Trainee: 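Sending over a structure as structure tokens; questions will come in a sec.
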Amino acid sequence: MYIDIARRNLERAKIRSVLAVVGIFIGVMAVGAIGIFGESLKVAVMQNFEDVANEIVVYPNPQQGYSYVEDRDIRTIEKIPGVKSAIALRSDALSLEFKNKKIIATVYAMDEKNLKEMFEADKGSIKLSSGSCVVGKRLADFLSLKIGSKITLEGRELKVAAILKDVGARFDINPNFAVLVSEDDFKKISGSEVSMVIVKAESLEDVPEIKKAIEERINKKEEKLIVVEMKMILQTIENAFGQINLFLMAIAAISLLVAGVSILNIMLMSTIERTKEIGVMRAIGAQRSTILKIFITEAAILGLIGSMIGSALSLVGGILIDYAILQDWSYALQPSTVFYIILGLSVGISTAIFSGLYPAWKASKLEPIEALRYE
Amino acid sequence: MKIIELIDVQKIYKTQYYEVHALRGISFDVEKGDFLIIMGPSGSGKSTLLHLIGCLDKPSAGKVLINGVETSKLSDFELTNLRRDNIGFIFQQYNLVSTLTALENVELPMLFKGTPKNLRQKRAKELLELVGLEKEIDRRPNELSGGQQQRVAIARALANSPSVLLCDEPTGNLDSKTGEQIMKIIRDLNEEKGVTVVLVTHDVNLKKFGDTVIHLRDGKIQEVEHVH
């Protein structure tokens, strides 16, 4: 019956109650939808890095005077259990000529097998025999390169065998603006030594062990190599996105705060309007706690209705924002979305109840005799 | 058996600038089954007296005992329980809860006591029948006449079978004919059910319903009149 009493009290000021519910559902929707979008954004970005998660990148340590990774160390790394492959990478910035255009391009020396494993061809087929090369998508677009085009690298002519698909941001190598050539060809045009070794682990779980083994076997005497786990970088990025999401949701929560203030306001008004009725109830035997219960129930009903509508709409909102910004609404359909819907729901209900606490307390503190005299 | 006992009761209202002596040493007893009428002009302290008996207020000095319990020694929680279980209030403005039906209004004191729903509804229906409103149980206060509302208020006052019924100008807002009907209901409750009644009024026509009339003036008892 207390719920009934509370519900009817809300019904007697219908418009006011509806407006309070609208306030709550806008707030809940904002928090939920932004939470869903933030998570989608994270997933969308992290997808680009998915295939580098099991990598360890090894660089020479310039602070100890090392400018390249020695062959012997590469062989040591290859022998560590759990290592699937160790891709030694030589790179240099070299002059490139094609049809009167002359630019400086990044050139990587790579093994054909590794190259095929890491990247996909957009056009042509990946082949790094002597005299052929593979170019990145953006470089090809920039120079209008086609399959079979002949470019000149440091005076040496190479035929374009394949153009790679555009790849997202990476931390190891970025082939979009680069030319990839065979080890043999590279040695003829550049004297650069191995500047980076990409170590791929058999599985993600092997990564820490491999890192430890490299440190123990090669860096025992001095810090020859810098060993970086990609997973750690990804973790950092993920954390950063988590923080951005939290910040965005905090901004959205301001609207929920405003809704809370409006509940506080209407319930305070209601307390004043119902002073006499509270007095009557107290006179005929209602305890202070009973009055408190009725008012908090009213706030909870407002919160519950507003939050339920708001969380349902937050899914719609999340889908719309995902579609507008990421051009793919399916990101909104993932397990974490349920979390944000429940989060919105509980934050909305708590805000309403919290806002109702003070008016309820005030109502319960009315002296029955004073309240009865109130006109 | 003394249901109400007042011993040298004083009530002083203090404001920042002055003091009002509403009651200046009032003493009397009310026996079980009595019908006491307190009369006096406005400002004589009769409402203050009723509020003290009704445990809505505490005396500044002196003692108020309900069923032998001194009210000034009780906490707010205990006073509320005392009101709920021992006292039925009937107000001049009926004071029904506007959002609730007649039946639900009568159920309220029982709800506050924790009576189960089926028992609550059964008793509320019986009480509304007693005051002749068996057909109006689902109406809200604004769908009832003044007289009907006051009858609902009487039924509500009786909900927890109180030992005393406190009536504050119960006919003050009613025409004389309806007022007469309400008074008859209250008198019947007193005569047939043995309910103790304390009624405050300034209407001399109501004198005939009481056993004893206390005349109050300037916070003092001026005269005690035994009618029957």
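By convention in this document, chain letters (A, B, ...) are assigned in the order of the sequence lines, proteins followed by strands, and residues within each chain are numbered from 1. Given the structure is predicted, the values throughout are model-derived calculations rather than measurements.
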Trainee: Looking only at heavy atoms, what is the nearest atom pair of B/R84 and A/G285, with distance?
Mentor: CB-CA, 3.5 Å

Trainee: Could you report the tightest heavy-atom contact between B/R83 and A/P368, atom names first, then the distance?
Mentor: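 Result for this residue pair: NH2-CG, 4.0 Å.
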
Trainee: Using a 6.0 Å cut-off, check whether atom CZ of B/R187 has over 12 heavy atoms from anything other than its own residue.
Mentor: yes

Trainee: CD1 of A/I284 to NZ of B/K113: how many Å apart, nearest 0.5 Å?
Mentor: 13.5 Å

Trainee: To the nearest 0.5 angstrom, please state how far the CZ atom of A/R373 sits from the OG atom of B/S47.
Mentor: 8.5 Å

Trainee: Counting only heavy atoms not in B/Y13, do more than 12 fall under 6.0 Å of its OH?
Mentor: yes

Trainee: Considering residues, nucleotides and ligands other than B/D218, do more than 12 of their heavy atoms fall under 6.0 Å from its CG?
Mentor: no

Trainee: What's the separation between atom OG1 in B/T99 and atom CG in A/N9, rounded to the nearest 0.5 Å?
Mentor: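 CG of A/N9 is found 5.0 Å from OG1 of B/T99.
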
Trainee: Check whether any side-chain heavy atom of A/R282 sits under 4.5 Å from a side-chain heavy atom of B/D76, and report yes or no.
Mentor: yes

Trainee: Quick check: are there more than 12 heavy atoms from other residues, nucleotides or ligands sitting under 6.0 Å from CZ of B/F77?
Mentor: no

Trainee: Enter the distance from A/I369:CD1 to B/C55:SG here, rounded to the nearest 0.5 Å.
Mentor: 11.5 Å

Trainee: If you count every heavy atom of other residues, nucleotides or ligands that lies below 6.0 Å from A/K362 atom NZ, does the total exceed 12?
Mentor: no

Trainee: Counting heavy atoms not belonging to B/H21, are there more than 12 under 6.0 Å from its NE2?
Mentor: yes

Trainee: Given heavy-atom pairs under 4.5 angstrom as the criterion, report whether the side chain, backbone, both or neither of B/E104 touches chain A.
Mentor: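 Answer is both: backbone and side chain atoms of B/E104 are under 4.5 Å from chain A.
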
Trainee: Using a 4.5 angstrom heavy-atom cutoff, name the option from B/L79, B/T80, B/L96 with the most pairs to chain A.
Mentor: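 Most heavy-atom pairs under 4.5 Å with chain A: B/T80.
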
Trainee: Among B/E107, B/K117, B/R156, which residue has the highest count of heavy-atom pairs closer than 4.5 Å to chain A?
Mentor: B/R156

Trainee: Can you tell me if CZ on A/F241 sees more than 12 non-hydrogen neighbours from other groups inside 6.0 Å?
Mentor: yes

Trainee: Given a strict heavy-atom distance threshold of 4.5 Å, which part of B/D57 is in contact with chain A: side chain, backbone, both, or neither?
Mentor: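 When you check distances to chain A, only side chain atoms of B/D57 fall under 4.5 Å.
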
Trainee: Could you grab the distance from atom CE of A/M1 to atom CZ of B/R120, nearest 0.5 Å is fine?
Mentor: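 Those atoms lie 5.5 Å apart.
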
Trainee: Which heavy-atom pair separates A/M281 from B/F112 by the least distance, and what is that distance?
Mentor: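 Shortest heavy-atom contact: O-CE1, 3.7 Å.
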
Trainee: More than 12 non-hydrogen atoms from neighbouring residues, nucleotides or ligands closer than 6.0 Å to CD1 on A/I244, yes or no?
Mentor: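 Check passes, neighbour count above 12.
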
Trainee: Given a strict heavy-atom distance threshold of 4.5 Å, which part of A/E277 is in contact with chain B: side chain, backbone, both, or neither?
Mentor: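 Looking at A/E277, just its side chain touches chain B.
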
Trainee: Taking side chain as C-beta onward, heavy atoms only, is A/V280 less than 4.5 Å from B/F89?
Mentor: no

Trainee: With respect to chain A, which residue among B/D85, B/L111, B/V97 yields the maximal number of heavy-atom pairs within a distance under 4.5 Å?
Mentor: B/L111

